[in-house]
Amino acid sequence: MLHPFRYSLCVLMLTACGQVVGAELQVRISNADPAAGRVYFALFDSEPGYQNRAARGTAMSREGESQPSAAFAGLAPGQYVVTVFQDTNGNRRLDTNLLGVPTEPYGFSRNAMGNMGRPDFAAAAVELFDQDEPLLIDIELRQQP
């Protein structure tokens, strides 16, 4: 016979094994052209990580997906920024012109826009709380003329 403390500990451990710890952030792209290429997602969880382009997580859409999306699970409550781009030429990176302006569709969480560059972390950050329901954000891709 199990001691009551050991029994409680076993039940707690079995319960925890079947659950994902942390919240989930889901990202959906609303205006991607499915024939134009895959969409790449990067998740940043701090201002220094964002500035240094040190992503906490990355994802890639499926080929020809009509509404590209990604999910980042097991996240602690806090602020996060998501950056996206559609790789129209299949080289797996965001192409830019000589001035550093993107030549492929791109976007940021909160559809934030920067002034002569990327938006700052605070402008693009979404707040994630410890919640049962995933946080869903929509991002619209922008293309420079």
Side-chain angles (χ1 to χ4, degrees), residues 5-6 8-145:
F5 175 74
R6 287 185 182 159
S8 298
L9 184 60
C10 287
V11 169
L12 179 63
M13 288 174 58
L14 288 173
T15 303
C17 288
Q19 298 175 348
V20 174
V21 178
E24 182 176 316
L25 178 61
Q26 294 180 355
V27 184
R28 183 173 57 195
I29 307 301
S30 57
N31 65 336
D33 176 1
R38 292 179 186 235
V39 174
Y40 288 81
F41 302 79
L43 175 74
F44 300 91
D45 61 358
S46 69
E47 173 112 26
Y50 177 67
Q51 294 304 324
N52 296 321
R53 292 180 167 86
R56 182 185 188 293
T58 59
M60 176 178 57
S61 68
R62 292 186 302 275
E63 190 73 38
E65 190 173 18
S66 63
Q67 188 169 38
S69 62
F72 299 96
L75 301 175
Q79 291 188 320
Y80 294 88
V81 169
V82 178
T83 64
V84 298
F85 75 93
Q86 188 163 22
D87 187 15
T88 59
N89 62 3
N91 68 353
R92 302 181 65 154
R93 65 184 184 95
L94 176 63
D95 294 318
T96 60
N97 65 19
L98 292 174
L99 300 174
V101 177
T103 58
E104 295 178 300
Y106 66 96
F108 299 90
S109 45
R110 295 183 57 197
N111 291 312
M113 295 179 66
N115 187 13
M116 300 298 289
R118 300 182 325 150
D120 62 21
F121 185 84
V126 294
E127 188 75 28
L128 187 61
F129 300 98
D130 193 13
Q131 56 198 28
D132 292 333
E133 293 294 317
L135 175 62
L136 175 64
I137 60 173
D138 286 307
I139 298 177
E140 289 187 20
L141 296 174
R142 288 192 293 279
Q143 177 77 43
Q144 293 297 328

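Note that these values count all heavy atoms, side chains included, but never hydrogens, waters or copies made by symmetry.
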Quiz item: Can you find a heavy atom in the side chain of Glu24 that is under 4.5 Å from one in the side chain of Phe72?
Solution: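 No, side chains not in contact.
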
Taking atom [atom1] as the centre, does [X] end up with more than 12 heavy-atom neighbours from other residues, nucleotides or ligands that are less than 6.0 angstrom away?
X: Met60; atom1: CE; answer: yes
X: Asn115; atom1: CG; answer: no
X: Arg62; atom1: CZ; answer: no

Within this structure, what is the [atom1]-[atom2] distance for the pair [X] and [Y], rounded to the nearest 0.5 Å?
X: Leu135; Y: Leu128; atom1: CG; atom2: CG; value: 6.0 Å
X: Glu104; Y: Asp87; atom1: CD; atom2: CG; value: 5.0 Å
X: Phe121; Y: Asp45; atom1: CZ; atom2: CG; value: 7.0 Å
X: Phe108; Y: Ile137; atom1: CZ; atom2: CD1; value: 12.5 Å
X: Thr83; Y: Leu43; atom1: OG1; atom2: CG; value: 9.0 Å
X: Arg56; Y: Tyr80; atom1: CZ; atom2: OH; value: 5.0 Å

Heavy-atom pair of closest approach, residues [X] and [Y]:
X: Ala122; Y: Arg110; result: O-NH1, 3.4 Å
X: Ala71; Y: Gln26; result: CB-CG, 4.2 Å
X: Leu94; Y: Pro102; result: CD1-CB, 4.0 Å
X: Ala123; Y: Pro119; result: CB-CB, 4.3 Å
X: Ser109; Y: Val81; result: OG-CA, 3.5 Å
X: Pro105; Y: Thr88; result: CD-CG2, 3.8 Å

Quiz item: Is the backbone of Tyr50 close enough, under 3.5 Å, to the side chain of Arg118 for a donor and an acceptor to pair up by distance?
Solution: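 Indeed, once roles are kept as given, a pair shorter than 3.5 Å links the two residues.
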
Quiz item: Taking Thr58 for the side chain and Ala42 for the main chain, is one N or O donor matched with an acceptor at less than 3.5 Å?
Solution: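 Not at all, since once roles are kept as given, no pair shorter than 3.5 Å links the two residues.
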
Quiz item: Could you go step by step and tell me if Ile139 and Asn111 meet the side chain to side chain contact (heavy atoms under 4.5 Å, CB included) rule?
Solution: CA-CA 6 Å; Ile139 298 177; Asn111 291 312; 3.8 Å; yes

Quiz item: Can you list every side-chain hydrogen bond (donor to acceptor under 3.5 Å, both in side chains) pair that touches residues 27-38, not counting sequence neighbours?
Solution: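 Matches after skipping sequence neighbours: Arg28-Asp138, Arg38-Glu63.
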
Self-check item: Residues which pass ring-ring contact (aromatic ring centres under 6.0 Å, His included) with Tyr40, listed by chain and number, not counting sequence neighbours
Solution: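 Tyr40: ring-ring contact (aromatic ring centres under 6.0 Å, His included) contacts with Phe85.
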
Quiz item: Taking only residues two or more places apart in sequence, or in another chain, which ones meet Asp120 in a salt bridge (charged side-chain N to carboxylate O under 4.0 Å, His left out)?
Solution: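 Counting only residues at least two positions away or on another chain, Asp120 forms no salt bridge (charged side-chain N to carboxylate O under 4.0 Å, His left out).
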
